[in-house]
Every structure is written in structure tokens, then in C-alpha cells.
Amino acid sequence: MLLVAPSLLASNFLKLEEECKMVNESEADWFHLDVMDGRFVPNISFGIPVIEHIRKVAEKSCDVHLMIEEPEKLTEAFAKAGADHLIVHIETCRNLHSNIQQIKSLGMKAGVAINPHTPVEMLYDILEDIHHVCMMSVNPGFGGQSFIPHTLKKIRELKHAIHERGLHVLIEIDGGVTLENAKAIVHAGADVLVAGNTVFKSPDPKNIIHQLKNIVC
Ligand code: DX5
Ligand code: ZN
């Protein structure tokens with residue numbers, strides 16, 4: 001079953017509680033929460049105190065996407081804030097295997113994100129240890145960018161590698177997902193669609209989530 005994870009980065013921060021309730025009432029599966037440090041990516045979003053508050057109203061899993069340097073230093077703090085899934089970028093982890101073990105030892109599911117320039121082969125020796133891959137289909141740091149078409153080839157390659165190993169790692173696609181391109185993304189092998197602007201900038205976000213959930217290819 002296809003999963004949908006609205007990215008709160010595109011929500012109205014002045015109405016965060018209402019936005020969370022909309023996601024609760026919708027057919028969405030996860031809350032996607034983007035944390036940026038102004039170092040790994042050229043932008044700063046929100047962090048631990050905001051996630052603690054979101055966690056109090058969120059009735060679905062919180063999928064926390066860390067776009068930060070040295071994520072291992074804050075893993076415990078994000079666990080305490082209530083993250084259900086913690087995603088670290090392969091480009092920020094010199095000791096990725098131990099970072100993943102740390103995330104799992106704190107009771108969270110581990111995800112690994114890769115940037116558009118990072119080959120999927122870099123993930124092969126870690127696939128059996130993780131819950132999902134967050135494949136960036138834009139350069140991380142900002143919502144509202146256009147989907148990079150080369151991602152479709154990477155999704156197919158990764159899907160093949162996962163199947164070959166008999167694993168059940170989910171492929172999450174993050175960035176530039178729209179109602180127009182979602183079908184091709186799912187057809188290529190995506191299991192989870194992150195959507196920020198497509199959901200929150202719509203006058204009827206629940207309906208957009210419904211449409212994304214029901215993409216058939
Ligand atoms: C980008 C973030 C994405 C972003 C997606 O760095 O990781 O999750 O919020 O936003 P849209 O769907 O608007 O491209
Ligand atoms: Zn994200």
C-alpha cells in the first residue's frame with residue numbers, strides 16, 4: 001500500500017496545531033518533519049522544541065528528516081522529542097552503520113537519506129539495517145522545487161537491489177512530488193510519497209492527500 005507523508009515545512013506555522021489536525025483527519029500515514037541546520041543545507045527550519053509540540057497533537061508516526069551535520073550528537077534529543085523515525089543523510093555520516101545502530105537502540109526506526117548526486121550503490125551495504133531510504137528528488141534545503149527526473153532511474157535501481165536481497169526496505173521520495181508526476185514515481189517503485197507544497201498550498205489539502213493515496217499505476 002502506498003504511504004503519504006505530508007511535509008509540515010510547507011504548512012502555515014502560525015496555525016501549526018490546525019495543520020496537524022488536518023493531517024490527523026486525512027488519509028495521510030506519517031508526518032514528515034524537516035530539520036535544517038544552515039550548515040549541511042543553506043537554510044534553517046525548525047528543531048527539537050517544535051517537534052515536541054507537534055508530537056503532542058500528531059496521531060500518526062513522526063518521520064523526522066535530519067538535514068544537519070553530526071546528527072549523532074542529537075539522536076537522543078530527537079528520540080526524547082518523540083521522533084518515531086529518524087532519517088540521517090549518508091553525506092553527513094562518516095560512521096553510518098554505528099549511527100543507525102544508535103537510532104535503533106533508542107527505539108526509533110532508522111532511515112537514510114541520499115542527495116540527488118549520491119549513487120544508490122552507496123546504500124547497498126546498509127540496506128538490511130534500515131527501515132527506509134529517503135531519496136531526495138530535489139536538492140535538500142527548500143520546499144517548492146521541481147522534481148529531478150533522473151530520480152526515476154535511481155528508484156528503479158534501488159527497488160531492484162532491495163528485491164534482489166529479499167528485503168522490505170521502503171523507498172520514500174522527497175521533493176517536488178505533484179499530482180502530475182506521482183504516478184510515474186509510484187510506477188518506478190516508490191512506497192512513500194512526501195509532499196509539502198502540493199498538500200499545504202492547496203485549498204483542499206485532505207482531498208490532495210486522498211488523491212495521492214489513491215494513485216494507481
Ligand atoms: C526539502 C525537504 C522536503 C520538502 C518537500 O529539503 O526535505 O521534505 O519539504 O517539499 P515539496 O514537496 O514542496 O518539494
Ligand atoms: Zn524532507
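Order of listing sets the numbers, starting from 1, for every ligand and every atom in it. The first residue of the sequence shown is numbered 1, and numbering continues consecutively from there.
- Residue contacts with ligand 1 for Ser7 involve side-chain atoms from C-beta outward but no N, CA, C or O (heavy atoms, distance under 4.0 Å).
- The heavy atom nearest to atom 13 (O) of ligand 1, considering only Val199, Asn197, Leu33, is found in Asn197.
- Which parts of ligand 1 touch Leu9 is read off a 4.0 Å heavy-atom cut-off, strictly below it: atoms 9 (O).
- The shortest N or O to N or O distance between Gly176 and ligand 1 is below 3.5 Å.
- Residue Pro140 has at least one heavy-atom neighbour below 4.0 Å for each of these atoms of ligand 1: 6 (O).
- Side-chain polar atoms of Asp63 and His132 form a donor-acceptor pair below 3.5 angstrom.
- Taking every heavy atom of Gly143 and a limit of under 4.0 angstrom, the matching atoms of ligand 1 come to 10 (O), 13 (O).
- A cation-pi arrangement, defined by a distance under 6.0 Å to the six-membered ring centre and an angle within 45 degrees of its axis, is absent between Arg55 and Phe31.
- For the Zn ion (ligand 2), the set of nearby N, O or S atoms under 2.8 Å includes one belonging to His65.
- A chain of hydrophobic side-chain contacts below 4.5 Å, direct or via other Ile, Leu, Val, Met, Phe, Trp or Tyr residues, connects Val88 to Val64.
- The name of the N, O or S atom in Asp174 nearest to the Zn ion (ligand 2) is OD2.
- The aromatic ring centroids of His168 and His131 lie 6.0 Å or more from each other.
- Within the listing of ligand 1, atoms 8 (O) sit less than 4.0 angstrom from a heavy atom of His32.
- A donor-acceptor distance shorter than 3.5 angstrom exists from the side chain of Ser137 to the backbone of Gly175, with no hydrogens or angles considered.
- For atom 12 (O) of ligand 1, the nearest protein heavy atom (residue, atom name, distance) is Gly196 N, 2.8 Å.
- Within the 4.0 Å heavy-atom shell around ligand 1 one finds Phe142.
- When side chains are defined from C-beta on, Ile114 does not count as touching Met136, because their heavy atoms never get closer than 4.5 Å.
- No hydrogens or angles considered: nothing links the side chains of Asn95 and His97 as a donor-acceptor pair under 3.5 Å.
- In terms of protein heavy-atom proximity, atom 6 (O) of ligand 1 is nearest to Gly141 N, 2.8 Å.
- Close contacts of ligand 1 with Met36, meaning ligand atoms under 4.0 Å from a residue heavy atom, involve 6 (O).
- If you check which protein heavy atom lies closest to atom 8 (O) of ligand 1, you get Asp174 OD1, 2.6 Å.
- Glu25 has a carboxylate O that lies under 4.0 Å from a charged side-chain N of Lys206, or vice versa, which qualifies the two as a salt bridge.
- In summary, the atoms of ligand 1 found under 4.0 Å from a heavy atom of Gly175, numbered by their order in the structure, are 14 (O).
- Salt bridge status for Asp29 with Lys213: present, with a side-chain N to carboxylate O gap under 4.0 Å.
- Taking distance alone, with nitrogen or oxygen atoms compared against 3.5 Å, Asn139 stays at or beyond that limit from ligand 1.
- Applying the 4.0 Å criterion to heavy atoms of His65 picks out, from ligand 1, the atoms 7 (O).
- Atom OD1 is the N, O or S atom of Asp34 at the shortest distance from the Zn ion (ligand 2).
- The N/O atoms of Val177, backbone and side chain alike, include none that comes under 3.5 Å of an N/O atom in ligand 1.
- Under a 4.0 angstrom heavy-atom cut-off, Asp34 registers as being in contact with ligand 1.
- Thr178 and Asn181 are linked by a side-chain donor-acceptor pair at a separation below 3.5 angstrom, with hydrogens and angles left out of the test.
- Residues Thr75 and Asn99 have side chains that never bring a donor and an acceptor to within less than 3.5 angstrom of each other.
- Residues Lys153 and Glu157 are paired through a salt bridge, judged by an N-O separation under 4.0 Å between the basic side chain and the carboxylate.
- Applying the 6.0 Å contact sphere to CD of Glu17 captures no more than 12 heavy atoms from other residues, nucleotides or ligands.
- Of all atoms in ligand 1, numbered sequentially from 1 with element shown, those under 4.0 Å from a heavy atom of Gly144 are 11 (P), 13 (O), 14 (O).
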